[in-house]
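Everything on this sheet refers to the single structure shown next.
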Amino acid sequence: MFPNFESIPSPNKKFKTTPMDRSFDHLTEEIIFAILDHLHDDPFSRKSFSLVSKSFYAAESLHRKSLRPLHSDRIPTVSPRYPSISKLDLTLCPHVEDSFLISVSSAWKTTLRSIDLSRSRSFSNVGLSNLVTSCTGLVEINLSNGVALTDAVMKVLAEAKNLEKLWLSRCKSITDMGIGCVAVGCKKLKLLCLNWCLHITDLGVGLIATKCKELRSLDLSFLTITEKCLPPILQLQHLEELILEECHGIDDEGLEALKRNCKRNSLKLLNLSRCPSISHSGLSSLINGSEDLQKLNLSYGSSITTDMAKCLHSFSGLQSIKLDCCSLTTSGVKAIANWRASLKELSLSKCVGVTDECLSILVQKHKQLRKLDITCCRKITYGSINSITSSCSFLVSLKMESCTLVPREAYVLIGQRCPYLEELDLTDNEIDNEGLKSISKCSRLSVLKLGICLNINDDGLSHIASGCRKIKELDLYRSTGITDRGIAAIAGGCPALEMINIAYNDKITDSSLISLSKCLSLKALEIRGCCCISSVGLSAIAVGCKQLTVLDIKNCVNVNDDGMIPLAQFSHNLKQMLVCCL
């Protein structure tokens, strides 16, 4: 039956058992915990649940597994209430001293499995040593951004024998000696992130690959490594993700030797973005044996020539490729169209050489595309949109910001032919109200970006409000045809709205904010430069939108202390606010 609540501090010592308490006595612990499982992502519902009765208060306390405190000094107070914490997120606590880590070790010695210290400072190897030796069940530690962390800390970290995931991004003082200690001590590692650890070389990476045989994911981005460390990495039997972004020390000449020695591996994701020294010959050498490859990122790299595309011809399991800012050739595009694989995700953002002909060739072959990014492909016209929507009717994400040659009538095709769209980015385009009317048929749409769309107004937005009721994110940045009437329609028709950007729209007044105050799920509001907004509208947001976490009111010149006071009183979840004025 249900656990005894007397052992857990009550929110009110004088509160006595009520008929409501007794009416739930027949519910088992499993049933109550099942209810709480459904409230996991909603802190307000969990809080309301815990205030129903003493029994519910006790249940919520025992059930909670994760904690994200606003201040580290609160832990000694709250730790008795939450005895089962397994995940501790300290990203909101910039100052974490050794005494705090010692108290954490004592409070959750047997339950803690994950801790995030990626934005915390002030602790030393003393506190960390106490943490890893006391909490033997610890499997995840994030120490990213620890620019002051040294090899001495890595030596302490090596005592975490059960560690499976370790993030050390931007720990720029760590050397091969420190990472060598981790390699020897943490042999169960499955994920390791070392990006921007600039003093780690081939020696340190080689030690990791030799000692940590269970690795699944390895991020070596921006390291000064060469191809010398790659043979032991590619021999890791379980490695599925390898990220080598901007590793300039790796080039075709060095990779050529790999081709003769590579055996079949389990690699599924390979990121070679910003590696311009790797051409088709180097890529062919690197992926030799990677028959299970599913995702490949070649962004900001070499031109996509016929030879580059042909070396991927036989990878039938390839599902996603990113070629952002690469130069495409027509022959290269035709070679991609002949791949055995049927792509589900293709990113051509800012690619040079993308034309209507290129896109038509690609989408006619890869008709199963779910995600397509053609941002800033400025040469495409109506023909591209016609080909995309005719061939890829199962698209769930289409990003086409700044495709300025696409005419208004083309956007009607999106609504007519792509009913499964969930994300659509039309920033800085020629779409008008007729286009929005058609897009309103995409009832699954949750993210819609219409920033700098100067041909739309309230009428078009009303169509979106009536047809796209699942909208969570709406961007109307500098879409100056929008007024209070359009925002009122969105607020009334899109109850799940979590983020809206109406910055620099001079027709937006307090009336819009009063309408948006009814959106109880609103978490982010950007109203920068809305000169007609005052403290009246901001007060309405503070009172109505209790989940607000991000607020941008820069250059809202009519907002004064009368608007700030309600924020202090009601917006207890606010984490980021921009208030500077010119």
Side-chain angles (χ1 to χ4, degrees), residues 267-273 279-280 283-284 287 290-299 301-400 403 405-406 410-411 413-414 416-425 442:
L267 206 61
K268 294 181 179 179
L269 180 151
L270 178 62
N271 187 340
L272 294 174
S273 58
S279 69
H280 70 277
L283 177 63
S284 179
I287 61 177
S290 304
E291 298 177 11
D292 297 325
L293 192 65
Q294 295 178 2
K295 298 182 179 182
L296 179 63
N297 190 339
L298 299 174
S299 300
S302 300
S303 296
I304 308 303
T305 61
T306 304
D307 290 334
M308 178 70 89
K310 280 184 176 179
C311 73
L312 294 166
H313 173 77
S314 61
F315 289 84
S316 58
L318 194 62
Q319 297 179 7
S320 169
I321 186 164
K322 295 186 177 183
L323 304 172
D324 302 348
C325 284
C326 291
S327 178
L328 287 182
T329 63
T330 303
S331 59
V333 168
K334 290 179 179 179
I336 293 174
N338 289 325
W339 283 353
R340 292 180 182 176
S342 181
L343 293 174
K344 289 185 171 62
E345 181 176 358
L346 175 62
S347 183
L348 303 173
S349 175
K350 302 176 185 177
C351 279
V352 177
V354 177
T355 63
D356 289 343
E357 180 187 5
C358 288
L359 276 176
S360 178
I361 293 171
L362 287 172
V363 299
Q364 285 180 29
K365 160 61 180 176
H366 299 285
K367 294 185 177 183
Q368 299 302 313
L369 275 176
R370 298 296 190 271
K371 296 182 179 181
L372 177 62
D373 188 346
I374 49 174
T375 296
C376 293
C377 292
R378 301 182 188 276
K379 294 182 180 180
I380 66 172
T381 66
Y382 180 93
S384 288
I385 305 305
N386 184 37
S387 297
I388 291 168
T389 55
S390 297
S391 301
C392 306
S393 57
F394 293 101
L395 277 176
V396 296
S397 174
L398 176 60
K399 298 179 181 179
M400 50 178 295
C403 296
L405 292 183
V406 175
Y411 298 97
L413 302 178
I414 297 175
Q416 291 176 345
R417 301 173 179 174
C418 300
Y420 303 107
L421 274 175
E422 297 174 10
E423 178 182 20
L424 181 60
D425 186 350
C442 302

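For the pair Cys376 and Arg378, the minimum side-chain heavy-atom distance is below 4.5 Å. Counting heavy atoms from C-beta outward, Leu362 and Leu343 have side chains that stay 4.5 Å or more apart. Residues Lys344 and Ser320 fail the side-chain proximity criterion, which asks for heavy atoms closer than 4.5 Å. With contacts defined as side-chain heavy-atom distances shorter than 4.5 Å, the pair Leu270/Asn297 does not qualify. Within the 4.5 Å cutoff, no side-chain heavy atoms of Thr355 are placed close to those of Thr330. Here the side chains of Leu323 and Ile321 are in contact, with some heavy-atom distance below 4.5 Å. Considering only heavy atoms from C-beta on, Met400 comes within 4.5 Å of Ile385 through its side chain. Residues Ile380 and Leu405 form no side-chain contact, since every pair of their non-hydrogen atoms from C-beta on lies 4.5 Å or further apart.
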Q) Does the pair Glu423 and Lys399 meet the rule for a side-chain contact (heavy atoms from CB on, under 4.5 Å), with working shown? A) CA-CA 8 Å; Glu423 178 182 20; Lys399 298 179 181 179; 3.3 Å; yes

Q.
If you apply the rule side chain to side chain donor-acceptor pair (under 3.5 Å), what do you find for Thr375 with Asp373, and how did you get there?
A. CA-CA 6 Å; Thr375 296; Asp373 188 346; 2.7 Å; yes

Q: Go through the steps to decide whether Glu345 and Gln319 satisfy the test side-chain contact (heavy atoms from CB on, under 4.5 Å), and finish with yes or no.
A: CA-CA 6 Å; Glu345 181 176 358; Gln319 297 179 7; over 6 Å; no

Q. Ile414 and Leu395: side-chain contact (heavy atoms from CB on, under 4.5 Å), yes or no, with the steps?
A. CA-CA 10 Å; Ile414 297 175; Leu395 277 176; over 6 Å; no

Q: Take Thr389 and Arg417 through the side chain to side chain donor-acceptor pair (under 3.5 Å) test and state the conclusion after the steps.
A: CA-CA 6 Å; Thr389 55; Arg417 301 173 179 174; 3.1 Å; yes

Q: Under the side-chain contact (heavy atoms from CB on, under 4.5 Å) rule, what do Val406 and Tyr411 come out as? Steps first, then yes or no, please.
A: CA-CA 8 Å; Val406 175; Tyr411 298 97; 3.7 Å; yes

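Of all non-hydrogen atoms in Phe315 and Ala341, the two that sit nearest each other are O-CB, 3.3 Å. Contact record, His366 with Ala337: NE2-CA, 4.3 Å, taken as the closest heavy-atom pair. Considering all non-hydrogen atoms of both residues, Leu283 and Leu298 come closest at CD2-CD1, 4.1 Å. A pairwise comparison of heavy atoms in Gly353 and Cys358 identifies O-SG, 3.5 Å as the closest pair. Minimum interatomic distance between Cys442 and Cys418 (heavy atoms only, all atoms of both residues): SG-O, 3.3 Å. Heavy-atom minimum distance, Ser384 versus Leu359: OG-CD1, 3.5 Å.
Between Lys310 atom NZ and Lys334 atom NZ the span is 12.0 Å, to the nearest 0.5 Å. The line from CG of Leu269 to CG of Leu293 is 8.0 Å long, rounded to the nearest 0.5 Å. Note: Cys392 SG to Gln364 CD = 9.5 Å, rounded to the nearest 0.5 Å. Expressed to the nearest 0.5 Å, how far NZ of Lys268 lies from CG of Leu318 amounts to 13.5 Å. The structure places SG of Cys325 at 11.0 Å from CG of Leu348, a figure rounded to the nearest 0.5 Å. To the nearest 0.5 angstrom, Lys322 atom NZ is 8.0 Å from Lys371 atom NZ.
When atom types are taken as modelled, the side chain of Ser390 and the backbone of Asn386 share a donor-acceptor pair closer than 3.5 angstrom. Counting only distance, with no hydrogens or angles, the side chain of Ser387 and the backbone of Gly383 share a donor-acceptor pair below 3.5 Å. Between the side chain of Ser299 and the backbone N or O of Asp324 there is at least one donor-acceptor pair closer than 3.5 Å. Here the side chain of Lys365 pairs a donor or acceptor atom with the backbone of Trp339 at under 3.5 angstrom. In this structure, the side chain of Thr329 engages the main chain of Ile304 through a donor-acceptor pair within 3.5 Å.
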